[in-house]
Number of protein chains: 2
Amino acid sequence: MSAASTGDEAIDMTDVDALYKMAEVSRVLRSATSTIEKFVHLASGTNDLTLMHCLVLVHLSRKASCKQLDLKSATGIAPTHLTKLVDELTHRGFVRRHRSSWDRRQIILALTAPGRETALRLLTSLHELTHKTQLNAIEELGSSLKRFVSTTANDEWLDRGSAHTNEVDQLDRGDMIVKPIN
Amino acid sequence: MSAASTGDEAIDMTDVDALYKMAEVSRVLRSATSTIEKFVHLASGTNDLTLMHCLVLVHLSRKASCKQLDLKSATGIAPTHLTKLVDELTHRGFVRRHRSSWDRRQIILALTAPGRETALRLLTSLHELTHKTQLNAIEELGSSLKRFVSTTANDEWLDRGSAHTNEVDQLDRGDMIVKPIN
DNA sequence: TATTGTTATACTCTATAACTATA
DNA sequence: TATAGTTATAGAGTATAACAATA
């Protein structure tokens with residue numbers, strides 16, 4: 001109920017309202033996040049898994065195994081945070097960590113049986129409860145914001161180039177020899 | 001570059017992609033936030049003002065004075081955080097805090113001359129640099145997310161009613177007798 | 001030297017609870 | 001008792017820098 005919703009919707013929207021909207025979207029986003037997290041709570045039994053935990057679980061459930069590097073680029077989670085998330089998931093017995101014998105710098109991740117079950121239950125919940133409309137809503141969402149950001153980012157005022165290091169992940173085989181660590 | 005963008009845009013979007021999108025939107029939102037914050041940095045001279053600081057500044061610049069309670073409901077900022085924000089803005093000399101003599105529980109906020117200047121410079125920057133498209137993008141954004149949240153929130157699975165205490169702010173006069181505190 | 005991952009720290013915003021002062 | 005605001009704490013996620021191990 002910011003000042004943005006006091007009359008002529010998108011027509012008379014002033015610049016000020018952009019600020020209100022930003023804050024509102026940010027809040028609603030948290031709300032949506034916690035909604036999804038509730039699904040995982042129900043699916044997993046624990047109440048300690050966040051949206052980012054879900055992301056990791058779901059991504060891993062799609063592949064037999066996955067390099068941590070690919071997980072990073074696929075989810076966009078900061079490496080420093082990813083380490084903690086995998087720590088916690090490993091500690092809960094959902095994920096196993098291996099070290100690649102091919103390139104010993106890399107970590108290979110794989111779900112355990114309970115981890116895979118949990119991920120599948122989460123996906124089932126999401127499938128039952130989300131509808132095309134919602135998915136499309138989220139879809140539009142991302143592109144809308146990206147439009148906003150890219151337009152302003154190219155402006156003369158902002159010299160500092162935004163370090164966008166988005167690389168696609170495509171090169172995971174998941175069939176190399178690995179050894180357990182943790 | 002999540003797994004969501006590997007082919008048929010919104011058509012073949014699976015439930016999984018909702019998760020990726022959520023995380024992506026969250027990240028892009030931060031990006032947009034920092035874009036706006038750069039405007040304030042340029043307008044204010046300091047680099048220590050966040051989007052929420054902007055919100056407060058801009059909201060205050062629209063009224064002669066403003067109850068903190070109204071600021072809370074207008075911006076949606078948590079009371080606990082609002083205290084800190086106003087602390088900082090007061091410390092920077094942008095805001096003055098008064099105690100209402102009418103209801104001595106309430107705090108009345110007003111911009112100082114530098115604060116008002118900064119707010120106006122910020123608004124000018126925003127006006128020059130944002131376009132209708134971007135504003136509409138943000139507008140759609142909020143409603144999209146809200147649709148997602150409200151649809152899932154009414155589900156049988158989630159019993160805990162979301163405590164939505166959104167009240168509109170309309171009752172600030174800004175012409176009552178106030179006394180300085182800080 | 002460059003890359004992968006870890007550790008540690010600081011920061012922003014939220015949520016909660018306990019508290020003061022006032023109504 | 002209820003309301004306005006403050007304080008303190010914990011949490012999630014990000015950013016950054018320093019570091020180890022490997023390539």
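These figures come from a predicted structure and were not determined experimentally.
- The one candidate from B/L109, B/I108, B/L60 that meets the side chain to side chain contact (heavy atoms under 4.5 Å, CB included) condition with B/S65 is B/I108.
- Classification of A/K21 and A/E24 as a salt-bridged pair holds, one side-chain N sitting under 4.0 Å from a carboxylate O.
- Counting only residues at least two apart or on different chains, the salt bridge (charged side-chain N to carboxylate O under 4.0 Å, His left out) pairs with a member in residues 48-58 of chain A are A/D48-A/R92.
- Rounded to an integer number of Å, the gap from B/I77 CD1 to C/dA15 P is 13 Å.
- DNA chain C is contacted by both A/L69 and B/G76; A/L69 maps to the nucleotide lying nearer its 5′ end (nearest heavy atom per residue).
- Between A/V56 and the choices A/L51, A/L89, A/L49, the side chain to side chain contact (heavy atoms under 4.5 Å, CB included) rule is met once, by A/L89.
- To the nearest angstrom, P of C/dT12 lies 12 Å from CG of B/L89.
- Between B/T83 and B/Q68, the shortest heavy-atom contact is OG1-NE2, 4.0 Å.
- By the side chain to side chain contact (heavy atoms under 4.5 Å, CB included) test, B/R121 pairs with B/A43, B/E117, B/T118, sequence neighbours left out.
- Across the protein-nucleic acid pair, B/E88 atom CD and D/dT7 atom C1' stand 15 Å apart, rounded to whole Å.
- Remark: A/R97 engages A/D87 in a salt bridge, criterion side-chain N to carboxylate O under 4.0 Å.
- Applying the 4.0 Å criterion to OP1 and OP2 of D/dG11, one finds that A/T50 has every side-chain N and O outside that range.
- In this structure, A/A119 and A/L57 approach most closely via the heavy-atom pair CB-O, 3.9 Å.
- Residues satisfying the side chain to side chain donor-acceptor pair (under 3.5 Å) criterion with B/R105, sequence neighbours excluded, are B/D103.
- Of the candidates C/dT6, D/dT6, C/dT14, the closest approach to any side-chain atom of B/T83 belongs to D/dT6.
- Here the closest non-hydrogen pair linking A/A23 and B/L55 is CB-CD1, 3.3 Å.
- The side chain of A/Q106 has C/dG5 as its nearest neighbour among D/dT7, D/dT14, C/dG5.
- Two residues, B/L82 and A/R30, neighbour DNA chain D, and the one matched to the more 5' nucleotide by heavy-atom proximity is B/L82.
- When distances run from any side-chain atom of B/R27 to the nucleotides C/dG5, D/dT14, D/dT6, the shortest one goes to D/dT14.
- One atom, NE2 of A/H98, and another, P of C/dG5, lie 14 Å apart when rounded to the nearest Å.
- When the P atom of C/dT4 is taken as reference, atom NZ of A/K72 falls 7 Å away, rounded to whole Å.
- Helix bend of the helix from C/dT1-D/dA23 to C/dA23-D/dT1: the angle between its two end axes, each built from five pairs, comes to 10° after rounding to 10°.
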Could you write out each protein N or O paired with an N or O of nucleotides 8-10 of chain C at a distance under 3.5 Å?
unit_1: C/dA8; atom_1: N6; unit_2: A/T80; atom_2: OG1; d: 2.8

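- Taking atom CG on A/L49 and atom C1' on D/dG11, their separation rounds to 15 Å, with Å as the unit.
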Set out, line by line, the N/O atom pairs under 3.5 Å between protein and nucleotides 20-23 of chain D.
unit_1: D/dA23; atom_1: OP1; unit_2: A/R104; atom_2: N; d: 2.9

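- Hydrophobic cluster membership differs between A/V95 and A/L69, with clusters built from Ile, Leu, Val, Met, Phe, Trp and Tyr side chains linked at under 4.5 angstrom.
- Counting to the nearest Å, the P atom of C/dC13 and the NE2 atom of B/H53 are 7 Å from each other.
- Note: CD1 (B/I36) to P (C/dT12) measures 17 Å, nearest angstrom.
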Where do A/H127 and A/T124 land on the side chain to side chain donor-acceptor pair (under 3.5 Å) test, with the steps shown first? CA-CA 5 Å; A/H127 183 75; A/T124 307; over 6 Å; no

